[in-house]
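Here's the structure we're looking at; comments come further down.
Values reported hereafter were calculated over all heavy atoms of this structure, with side chains retained and with hydrogens, waters and symmetry mates removed. Since we're looking at a predicted model, the values are computed, not measured.
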Amino acid sequence: MNTATTQKPHGPLAGIKVIDLSRVLAGPYCTGMMADLGAEVIKIEVPDHGDDSRHLGPFIDGESVYYGLINRGKRSIELDLKADADRQILFQLITESDVVVENFRPGVTKRLGIDFDSVKQLNPNIIYASISGFGQNSPLASYPAYDIVAQAMSGLMSVTGFPESGPTRSGESIGDVCAGVFASWAISSALFARERHGEGAQYIDVAMVDVLLSMQLTGLSNLFANGEAPSLVGNRHPVSTPFDTYQAKDGLVVIAIASEKLFQRLCECMEKPELPQDSRYLNDPVRTINQAALRQEIEDWTGTKSVEEVCDLLLNAGVPASPIHNLQQATQSEHAQVRQVLTHLNDGGTPLISQPVFFNGVKPKVTQRAPVLGEGNERYKPTTMMKSAETMQ
């Protein structure tokens, strides 16, 4: 896992140089996606300690698996951003780069002299992205924000969970991850605008709470239509019915119906073709009102079969259905193998998972492991540069 593979740069972002000042998840996820697509990502880390995520478990051979999944394909250099000499090295790197990504708490970069206004004086064509919990100009901007805070404040937790047990967070840090995805999209758009329209420096401000709010289309449509905040409905869809998890003989099965044609097919599979004519089930709105009675009808059928039997019958009839996989099952499935979800490096180290998009039928390959702390010092902090920086102190 400590042997890097050197290959000629390739991918849609080949030739783009990124200075990654971010830590832990949202920013590193963004720059990890860019590295997957061929960008040269230089990760700036605290000397002797590195990104805090290097110290998050679990570990394999003393290295954080979490850090490795997010920082594949990057190069690490150690810089103390409070030291003038190291800041001078950073300034030089910025003049040679295309993108800067940071996720400090708002105000920190200005104190360090590496905010957008300062950086664009060094590089008038820089694309500068800031990722934070609440954005740069929010009344909450100075407050700390972990993913669970963003999920809570965005309203997402209020519609996630069961009425009996109350709100719950999503099983993954989707506020961080989705903020990283939106940031990478915005950076790529800004690079395109610079190339196509000759636009100069651009500043991108991404807030985790904003991202999660923008993604809640079903809940927002209900809010705007009814004037009331949507409530907890468990696994059930708040508008379409039946659209939920149902009890089979050996576990839960997902069934998702979002049209009258699909409901008819479900009823035929259940050997109850008359149900769509029942006044309680004539259309989506009345099925939703009567969802408890319809659940009983469905579970009287699913309860006599295994999850696999239910899925086979429904999928063959064109009805969306699924078992509930754990992560091991999901990553080892035939689908995951065909779609090249996991990548194993040439040294046979820990599996990696890269961005999921295919370009012209080809998925860009991750060819480099996550960097050893400071392994890029010699390359990006040449002796002449360091000596020059020291004379400026």
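- A salt bridge is absent between Asp80 and Lys82: the closest approach of a Lys/Arg side-chain nitrogen to an acidic carboxylate oxygen does not fall below 4.0 angstrom.
- For the pair Ser97 (side chain) and Val18 (backbone), a donor-acceptor distance under 3.5 Å is absent.
- Side-chain contact annotation: Arg54 with Tyr67, donor-acceptor N/O pair under 3.5 Å present.
- Salt bridge present: Arg379 and Glu40 bring a charged side-chain N and a carboxylate O closer than 4.0 Å.
- For the residue pair Tyr29/Ser22, the side-chain donor-acceptor check at 3.5 Å is not satisfied.
- Annotation: side chain to side chain donor-acceptor pair (under 3.5 Å) contacts of Asn283 (sequence neighbours excluded): none.
- A side-chain donor-acceptor contact under 3.5 Å links Asp147 to the backbone of Asp176.
- Hydrophobic cluster of Ile324: the remaining members, joined at side-chain heavy-atom separations below 4.5 Å, are Leu252, Val254, listed by chain and number.
- The backbone N or O of Leu56 sits nowhere less than 3.5 Å from a side-chain atom of Ser53 that would complete a donor-acceptor pair.
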*Start with the C-alpha gap between Glu375 and Ser76, add the side-chain angles, then the distance that decides, and say whether side chain to side chain donor-acceptor pair (under 3.5 Å) holds.*
CA-CA 6 Å; Glu375 71 172 23; Ser76 166; over 6 Å; no
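- Here Asn123 contributes atom CG and Ile127 contributes atom CD1; the two are 9.0 Å apart, rounded to the nearest 0.5 Å.
- Seen from the ring of Phe243, Arg236 does not count as a face-on cation partner, given the 6.0 Å and 45° thresholds.
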